[in-house]
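Worksheet: one structure, shown below.
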Amino acid sequence: MPQTPNWYDEGIGHIWLPYTQMKTAVPPLPVVSTNGVRLTLSDGRELIDGIASWWAAAHGYNHPHILDAMKQQLEAMPHAMFGGLVNEPALKLAKRLAAMMPGDLNRVFIAESGSVSVEVAMKMALQYYFNRGEKRTKFVHFRGTYHGDTLGTMAVCDPEEGMHGLFGDVLAKNLLTDLPRTQEAADQFAAFLKKHASDVAAVITEPLVQGAGGMLFHQPETLKWLREACNDAGVLLIVDEIFTGFYRTGSRFAVDQAGIVPDMLTLSKALSGGVSPLSVCIARESVFDAFYDDDPSKALMHGPTYMGHALGCAAANASLDLFEREDYAAKVHAIEGQMMAELAPCGFAPNVKSVRVKGAIGVVQLEDASAIEALKPKFVERGVWIRPFRDIVYLTPPLTIGEDDLGTLTGAIRDVLGA
C-alpha cells in the first residue's frame with residue numbers, strides 16, 4: 001500500500017474494524033474525502049464507489065441539499081433528549097414517513113441504527129401480545145436472512161450463514177424455515193405457521209432481497225403469501241426494509257410491489273442519505289393501540305440516548321426532499337437495464353455460477369469463492385471500490401450514478417472475472 005498519513009499510522013493500532021480478522025486482513029484504505037460517487041484516498045487516488053457505503057449513500061456523497069439542511073440544524077440544535085422533549089425535525093419526519101406508508105402504518109419510533117430498529121420491532125411484537133395477556137415468545141425467520149448483529153437480531157438471522165454461529169448457545173431459540181417461493185411452499189408455510197401460532201409473536205422477513213445473506217432474490221408473491229399466512233394465523237408481520245427501502249429494488253418501498261401492509265416496517269441506510277446514523281420502526285395504529293393505556297406497565301420501555309436525533313432527522317428530511325423532487329424510480333430503471341446488459345457477459349466467465357439483477361442491485365455469484373479476498377485489491381487497481389463477500393461480487397451503487405461511471409464499475413467486474 002502507498003505511504004499512509006500520520007493519523008493512519010498513529011491510530012490504526014488502536015481501532016477495531018468490522019467483520020475483519022485483523023491479523024490476516026489486507027489493511028484498510030485511508031479515505032480523506034468524498035464527492036458525488038467518488039472516494040478520495042490519502043494518496044490522491046479516486047475510487048468510484050460501487051457499494052454506496054453499504055447501500056446508504058443513495059444520493060451520492062456530499063449532496064448540497066442535505067449538507068445545507070444539516071448546517072442549519074447544527075446551528076440551531078444538534079440534539080436534545082427525546083425523553084419529555086421533542087423537536088421539529090423529528091416530528092416532521094414522522095409525519096412525512098407516515099404519509100408515505102401503506103395502510104395504517106402511522107406510528108414512528110426513531111432510533112439510530114438498523115439493528116436497533118429491528119430490535120424495537122421485535123420488542124413491540126412481543127409486548128403487543130404481553131399487553132393482551134398472551135405470552136408469545138418466538139419469531140419465525142428464514143434461511144438466508146440477515147437482520148443485524150445485536151443479540152436479539154442475531155437470533156432471527158440464518159444461523160448457518162456464518163457470522164453468528166459462535167453465539168448459537170446463548171441466542172433465543174426461534175423458528176427457522178424456508179422462505180416460500182412457490183404456491184406449494186406457501187401452503188406448507190401457512191400450515192407450519194398455524195401449527196405454531198400460539199407461540200409466535202411475529203414473522204420477520206427481508207422483502208424481495210435477502211441482502212447480507214448473499215443478495216438472494218424472491219418475487220412479490222412471497223410477501224403476499226406471508227401476509228396471508230400471518231392474517232390466517234393471527235400473527236404479526238415485520239418487514240425489514242433497511243436495505244430495500246427508498247427505491248433500491250425499483251419502487252419506493254419493496255412492499256409496494258406486493259401491495260401489502262406489514263404490522264411493523266423498519267428503515268435506515270438511505271433514509272438519511274448515508275449522512276447520519278438514523279433508523280425508524282413504523283408500526284400500525286392497531287399495534288400502537290395495545291400500548292396506549294392508563295397502565296404504565298403497558299408502555300414501550302425503550303429509548304436510545306440519541307432517539308429523535310435532530311441533526312439526523314434534518315438530514316433525513318432533506319433526503320426525503322430529494323426522493324420526492326426527482327424521479328428515482330426512473331434512475332433505478334436505467335441502472336437496472338445497464339447492469340443487466342453489461343454484467344450479462346460474466347455469465348460466460350470461468351468460475352461464475354450465475355448473474356442476476358434487481359433494481360439497483362447487480363450480482364455475480366461465483367462457483368468457488370475461496371479466493372474472493374484476492375479480488376478486492378484488483379478492483380482498487382482499476383479505480384473502483386467493490387467489496388465482494390461470501391460467494392458474490394455485487395454492485396449497489398448510489399442511485400445518482402451516471403452511465404459512464406456505472407460502466408466503469410461493470411467493466412471492472414468483467415475484467416477482473418475474465419468475462
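Count residues from 1 along the sequence. Because only heavy atoms are used, hydrogens play no part in the values below, and waters and symmetry mates are left out as well, while side chains stay in.
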Residue pair Leu267, Phe246: steps toward the side chain to side chain contact (heavy atoms under 4.5 Å, CB included) verdict: CA-CA 9 Å; Leu267 296 168; Phe246 299 106; 4.1 Å; yes

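- Looking at Cys313 and Ile110, their side chains come closer than 4.5 Å, going by heavy atoms from C-beta outward.
- Taking 4.5 Å as the limit, some side-chain heavy atom of Leu171 sits within range of a side-chain heavy atom of Leu151.
- Here the side chains of Ile401 and Ile335 are in contact, with some heavy-atom distance below 4.5 Å.
- The backbone N or O of Asn106 sits nowhere less than 3.5 Å from a side-chain atom of Glu285 that would complete a donor-acceptor pair.
- Between Pro89 and Ala310, the shortest heavy-atom contact is CB-O, 3.7 Å.
- Remark: Ile15 CD1 is loosely packed, at most 12 non-hydrogen atoms of other residues, nucleotides or ligands lying under 6.0 Å away.
- Panel note: side chain Arg382, backbone Gly411; no donor-acceptor pair is recorded below 3.5 Å.
- In terms of heavy-atom proximity, Ser272 sits nearest to Gly312 at CB-O, 4.5 Å.
- By the neighbour-count criterion of 12 heavy atoms within 6.0 Å, atom CD of Glu403 is sparsely surrounded, having that number or fewer from other residues, nucleotides or ligands.
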Are Arg252 and Phe323 close enough, and set up right, to give a side chain to side chain contact (heavy atoms under 4.5 Å, CB included), and what steps lead you there? CA-CA 9 Å; Arg252 182 161 61 182; Phe323 283 124; 5.9 Å; no

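- No more than 12 heavy atoms of other residues, nucleotides or ligands lie within 6.0 Å of CD in Glu184, so this atom counts as exposed by the packing criterion.
- Residue Asp327 places its CG atom among more than 12 non-hydrogen atoms of other residues, nucleotides or ligands, all under 6.0 Å distant.
- Taking both residues in full, the closest heavy atoms of Thr153 and Glu119 are given as N-OE2, 3.3 Å, listed atom of the first, atom of the second, then distance.
- Under a cut-off of 6.0 angstrom, the local environment of CD in Glu88 is sparse, with at most 12 non-hydrogen atoms contributed by other residues, nucleotides or ligands.
- Among all heavy-atom pairs drawn from Pro30 and Tyr8, the shortest one is CB-CD1, 3.6 Å.
- At least one donor-acceptor pair closer than 3.5 Å links the side chain of Arg390 to the backbone N or O of Gly213.
- Heavy atoms from other residues, nucleotides or ligands lying under 6.0 Å from CZ of Phe379 number more than 12.
- In this structure the side chain of Val352 never reaches within 4.5 angstrom of the side chain of Glu367, judged on heavy atoms.
- No side-chain donor from either of His141 and Asn174 sits under 3.5 Å from a side-chain acceptor of the other.
- The closest side-chain heavy-atom distance from Ser286 to Asp104 is below 4.5 Å.
- Shown are Val384, Thr40, Leu29; of these, the side-chain contact (heavy atoms from CB on, under 4.5 Å) with Leu47 is made only by Leu29.
- Remark: Ser319 OG to Leu278 CG distance equals 10.0 Å, nearest 0.5 Å.
- A pairwise comparison of heavy atoms in Ser279 and Gly114 identifies CB-N, 3.9 Å as the closest pair.
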For Arg227 and Asp263, what are the C-alpha separation, side-chain angles and deciding distance, and is it a salt bridge (charged side-chain N to carboxylate O under 4.0 Å, His left out)? CA-CA 9 Å; Arg227 178 71 275 181; Asp263 296 293; 3.1 Å; yes

Full working for side chain to side chain contact (heavy atoms under 4.5 Å, CB included) between His164 and Asp158: CA-CA 9 Å; His164 305 142; Asp158 184 343; over 6 Å; no

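- At distances below 3.5 Å, at least one donor-acceptor pair connects side-chain atoms of Asn351 with backbone N or O atoms of Asp368.
- Remark: the Gln338 side chain and the Glu342 side chain contain an N/O donor-acceptor pair separated by less than 3.5 Å.
- Between Lys358 and Glu336 there is no salt bridge, since no side-chain N of the basic residue sits under 4.0 Å from a carboxylate O of the acidic one.
- Of all non-hydrogen atoms in Pro262 and Val239, the two that sit nearest each other are CB-CG2, 3.5 Å.
- By the 4.5 Å heavy-atom criterion applied to side chains, Leu375 and Leu417 are counted as neighbours.
- Rounded to the nearest 0.5 Å, atoms CE (Met264) and NZ (Lys123) are 13.0 Å apart.
- Aromatic ring orientation, Tyr394 versus Phe389: perpendicular (interplanar angle above 60°, classes split at 30° and 60°).
- Proximity of the aromatic rings of Tyr247 and Phe253 is defined here by a centroid distance below 6.0 angstrom, and this criterion is not met.
- There is no side-chain donor-acceptor pair under 3.5 Å between His79 and Asn87.
- For the residue pair Tyr61/Asp49, the side-chain donor-acceptor check at 3.5 Å is satisfied.
- A donor atom on one side chain and an acceptor atom on the other are not found under 3.5 Å apart for His196 and Lys138.
- Between the OG1 atom of Thr205 and the CG atom of Leu237 there is a distance of 7.5 Å, given to the nearest 0.5 Å.
- At least one donor-acceptor pair closer than 3.5 Å links the side chain of Glu241 to the backbone N or O of Val255.
- Note that the CG atom of Asp405 and the OG1 atom of Thr410 stand 10.5 Å from one another [nearest 0.5 Å].
- When the shell of 6.0 Å around NZ of Lys135 is examined, it contains 12 or fewer heavy atoms from other residues, nucleotides or ligands.
- Under a 3.5 Å cut-off, the side chain of Arg136 and the backbone N or O of Ala197 do form a donor-acceptor pair.
- For the residue pair Gln257 and Thr249, a side-chain donor N or O sits within less than 3.5 Å of a side-chain acceptor on the partner.
- The closest side-chain heavy-atom distance from Glu221 to Thr182 is not below 4.5 Å.
- Gln210 places no side-chain N or O within donor-acceptor distance of the main-chain N or O of His218, the cut-off being under 3.5 Å.
- The aromatic rings of Tyr328 and His59 lie perpendicular to each other, with more than 60° between the two planes, well past the 30° mark.
- Asn317 contributes atom CG, which lies 9.0 Å from atom NE2 of His65 (distance to the nearest 0.5 angstrom).
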Checking side chain to side chain contact (heavy atoms under 4.5 Å, CB included) for the pair Leu193/Val203: CA distance, chi angles, key distance, verdict? CA-CA 9 Å; Leu193 188 59; Val203 172; 3.8 Å; yes

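- One distance of note links CG of Asp240 with SG of Cys281; it measures 10.0 Å at 0.5 Å rounding.
- Side chain of Ser53 to backbone of Ala57: no donor-acceptor contact under 3.5 angstrom is found.
- In this structure, Thr20 contributes its side chain and Pro18 its backbone to a donor-acceptor pair below 3.5 Å.
- Applying the 6.0 Å contact sphere to NZ of Lys194 captures no more than 12 heavy atoms from other residues, nucleotides or ligands.
- Between the side chain of Arg181 and the main chain of Thr222, no donor-acceptor pair closer than 3.5 Å is present.
- Using a 30° and 60° split on the angle between ring planes, Phe189 and Phe142 fall in the tilted class, from 30° to 60°.
- Residues His309 and Gln73 fail the side-chain proximity criterion, which asks for heavy atoms closer than 4.5 Å.
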